[in-house]
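Bear in mind the structure is a predicted one, so any value in this text is a computation, not a measurement. Below, each value reflects all heavy atoms present in this structure, side chains not excepted, and no hydrogens, waters or symmetry copies.
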Amino acid sequence: MSADMETIKQWEEIPDFDGEEEEAKFWMDHELDGRLMAGSIHQPDSRESTTITLRFDPRMLSRIKRIARTRFLNYQSMMKQWLAERLEDELRKQ
């Protein structure tokens, strides 16, 4: 790791990429903060779950899967985590 490496402390600091080459260049001088990675580990809920079907634009789903791979997460688990975080934010606003 280089001394010039910039540490990403929030997921929002990661830009949307137009392709893998642009993304690869970004990660050449950026790294994720360890606490950010640790906080992204999905803890399964032991309660009963319900299966639903969502339709996604293929490009959007591809981008979601790419983000999940960079975080070493299953994309479905990451999406559930995103929804849970947003739900908590919304409930806090009420």
Side-chain angles (χ1 to χ4, degrees):
M1 172 175 10
S2 168
D4 296 338
M5 189 75 75
E6 184 176 334
T7 301
I8 302 295
K9 296 184 189 278
Q10 296 182 357
W11 293 119
E12 295 79 21
E13 296 176 41
I14 301 172
D16 291 331
F17 303 105
D18 290 330
E20 289 185 21
E21 186 176 332
E22 182 182 344
E23 184 175 356
K25 287 178 183 177
F26 176 83
W27 289 113
M28 291 294 289
D29 58 357
H30 292 81
E31 65 180 353
L32 290 177
D33 183 274
R35 290 171 293 202
L36 189 60
M37 275 300 268
S40 70
I41 297 172
H42 175 68
Q43 299 297 325
D45 193 339
S46 61
R47 292 175 283 180
E48 185 179 330
S49 65
T50 302
T51 301
I52 64 168
T53 301
L54 294 174
R55 297 195 182 280
F56 281 88
D57 175 279
R59 291 172 301 234
M60 178 189 286
L61 183 58
S62 177
R63 291 172 68 194
I64 290 169
K65 287 179 177 182
R66 189 178 321 132
I67 291 169
R69 277 194 310 270
T70 65
R71 298 176 187 178
F72 304 100
L73 297 172
N74 172 289
Y75 79 95
Q76 293 171 331
S77 295
M78 184 182 75
M79 290 170 62
K80 286 191 285 186
Q81 181 179 351
W82 285 355
L83 288 170
E85 290 170 358
R86 179 58 186 260
L87 178 60
E88 288 301 314
D89 287 345
E90 292 295 324
L91 292 173
R92 267 188 252 122
K93 291 177 185 177
Q94 291 182 351

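- With sequence neighbours excluded, the residues forming a side chain to side chain contact (heavy atoms under 4.5 Å, CB included) with E13 are I8, K9, Q10, listed by chain and number.
- With sequence neighbours excluded, no residue satisfies side chain to side chain donor-acceptor pair (under 3.5 Å) with D29.
- Every residue meeting the side chain to side chain donor-acceptor pair (under 3.5 Å) condition with T7, not counting sequence neighbours, appears here in chain and number order: E31.
- Atom CG of D89 is separated from atom CD of Q94 by 11.5 Å, given to the nearest 0.5 angstrom.
- Judged as a ring pair (Phe, Tyr, Trp, His ring centres under 6.0 Å), and not counting sequence neighbours, the contacts of F26 are F17, H30.
- Taking R69 as the reference, nothing meets the salt bridge (charged side-chain N to carboxylate O under 4.0 Å, His left out) condition, with sequence neighbours excluded.
- Every residue meeting the side chain to side chain donor-acceptor pair (under 3.5 Å) condition with R63, not counting sequence neighbours, appears here in chain and number order: D16.
- Closest approach of I14 and R71 over heavy atoms only: CD1-NH2, 3.8 Å.
- Shown here are the salt bridge (charged side-chain N to carboxylate O under 4.0 Å, His left out) partners of K65, two or more places apart in sequence or in another chain: there are none.
- In this structure, the side chain to side chain contact (heavy atoms under 4.5 Å, CB included) partners of E90, at least two apart in sequence or on a different chain, are R86, K93.
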In residues 54-61, what donor-acceptor pairs under 3.5 Å come from side-chain atoms, sequence neighbours left out?
from, atom 1, to, atom 2, distance (Å)
D57, OD1, R59, N, 2.8
D57, OD1, R59, NE, 3.4
D57, OD1, M60, N, 3.3
D57, OD2, R59, NH2, 3.0

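- The side chain to side chain donor-acceptor pair (under 3.5 Å) test applied to N74 returns no partner, not counting sequence neighbours.
- Under the side chain to side chain contact (heavy atoms under 4.5 Å, CB included) criterion, D18 pairs with E22, sequence neighbours left out.
- L83 forms part of no hydrophobic cluster, judged by ILVMFWY side-chain heavy-atom separations under 4.5 Å.
- I52 and W82 end up in the same hydrophobic cluster when Ile, Leu, Val, Met, Phe, Trp and Tyr side chains are linked at under 4.5 Å.
- Atoms CH2 and CG, on W11 and D33 in that order, are 9.5 Å from each other to the nearest 0.5 Å.
- Here K25 pairs with E21 in a salt bridge; the nearest charged N to carboxylate O distance falls below 4.0 Å.
- Rounding to the nearest 0.5 Å places CD of E23 at 8.0 Å from CD1 of I67.
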